[in-house]
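For reference, positions follow the sequence shown, starting with 1. Model, not experiment: these values are computed from the prediction.
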Amino acid sequence: QVQLVESGGGSVQAGGSLRLSCAASGRTLSTYAMGWFRQAPGKEREFVAAITWSGSNTYNQDSVKGRFIISRDNAKNTVYLQMNSLKPEDTAIYYCATPARDVLRTSTSVYKYWGQGTQVTVSS
């Protein structure tokens, strides 16, 4: 079993930055890919970014390319999402998740373990 806990959300003005963290417990994440998703009110949960276990490969959704950076520290069992140049349309609950294997995927159905989410609100 893997438990994931997100933190770092909050309220920020457009153009600002936030850094989300996802801490894992229960077992090491060092052999698992990790992903970040988000869900805005009234919308489906959508893929944001993913990273392989080594950190050597990442993939971002087009709308966040050049603004968001996913990274990880396997020694700390933690994954990060650095969010820069935030826009009001980035407002959502952000979730980290793992497919419990080392694959980069964008579909929610592939991900086996999920955190409870952290709210990010960007005001104009």
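Among the candidates Tyr94, Trp36, Trp114, the single residue satisfying the side-chain contact (heavy atoms from CB on, under 4.5 Å) test with Glu6 is Trp36.
At least one side-chain heavy atom of Glu46 sits under 4.5 Å from a side-chain heavy atom of Arg38. The shortest side-chain heavy-atom distance between Val120 and Leu18 falls under the 4.5 Å cut-off. Counting only heavy atoms from C-beta outward, the side chains of Gln1 and Tyr113 approach each other to under 4.5 Å. Side-chain contact between Gln116 and Leu4: absent, with no pair of heavy atoms (C-beta onward) separated by less than 4.5 Å. With contacts defined as side-chain heavy-atom distances shorter than 4.5 Å, the pair Cys22/Met34 qualifies. At least one side-chain heavy atom of Leu20 sits less than 4.5 Å from a side-chain heavy atom of Met83. When side chains are defined from C-beta on, Val12 does not count as touching Thr121, because their heavy atoms never get closer than 4.5 Å. Inter-residue side-chain proximity for Gln119 and Thr91 is flagged as met; some heavy-atom pair is nearer than 4.5 Å.
Between the Asp102 side chain and the Thr31 main chain, no donor and acceptor come within less than 3.5 Å of each other. Checking side-chain atoms of Ser56 against main-chain N and O of Ser54 turns up no donor-acceptor pair under 3.5 Å. Between the side chain of Asn77 and the backbone N or O of Ala23 there is no donor-acceptor pair closer than 3.5 Å. At least one donor-acceptor pair under 3.5 Å links the side chain of Arg72 to the backbone N or O of Thr52.
Of all heavy-atom pairs between Ala40 and Ala92, the closest is N-CB, 3.8 Å. Heavy atoms only, all atoms of each residue included: Ser124 and Ala14 are closest at CA-CB, 4.3 Å. When all heavy atoms of Val79 and Ser71 are compared, the closest pair comes out as CG1-O, 3.3 Å.
Leu104 is not connected to Ile69 by any chain of hydrophobic side-chain contacts under 4.5 Å among Ile, Leu, Val, Met, Phe, Trp and Tyr, and they are in different clusters.
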Does the side chain to side chain contact (heavy atoms under 4.5 Å, CB included) test come out yes or no for Val48 and Leu81, once each step is laid out?
CA-CA 10 Å; Val48 176; Leu81 186 68; 4.2 Å; yes
Give the intermediate values and the outcome of side chain to side chain contact (heavy atoms under 4.5 Å, CB included) for residues Phe47 and Thr108.
CA-CA 7 Å; Phe47 170 80; Thr108 57; over 6 Å; no
Salt bridge (Lys or Arg N to Asp or Glu O under 4.0 Å) between Asp62 and Lys65, intermediate numbers included:
CA-CA 5 Å; Asp62 285 346; Lys65 285 180 179 176; 3.0 Å; yes
Yes or no on side chain to side chain contact (heavy atoms under 4.5 Å, CB included) for Arg101 and Val110, after CA distance, side-chain angles and deciding distance?
CA-CA 10 Å; Arg101 50 190 175 127; Val110 174; 3.8 Å; yes
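Between atom OG1 of residue Thr118 and atom CD1 of residue Ile93 there is a gap of 9.0 Å, rounded to the nearest 0.5 Å. The distance from the CG atom of Asp90 to the OG atom of Ser85 is 9.5 Å, given to the nearest 0.5 Å. To the nearest 0.5 angstrom, Arg105 atom CZ is 12.0 Å from Tyr59 atom OH. To the nearest 0.5 Å, atoms CD (Gln82) and CZ (Phe68) are separated by 9.5 Å.
Looking only at atom types and distance, the side chain of Asn84 has a donor-acceptor partner in the side chain of Ser17 under 3.5 Å away.
Taking the six-membered ring for Trp and the full ring otherwise, Tyr95 and Tyr111 have centroids separated by 6.0 Å or more.
Relative to the six-membered ring of Tyr80, Arg19 meets both conditions, a distance below 6.0 Å and an angle of at most 45° to the axis.
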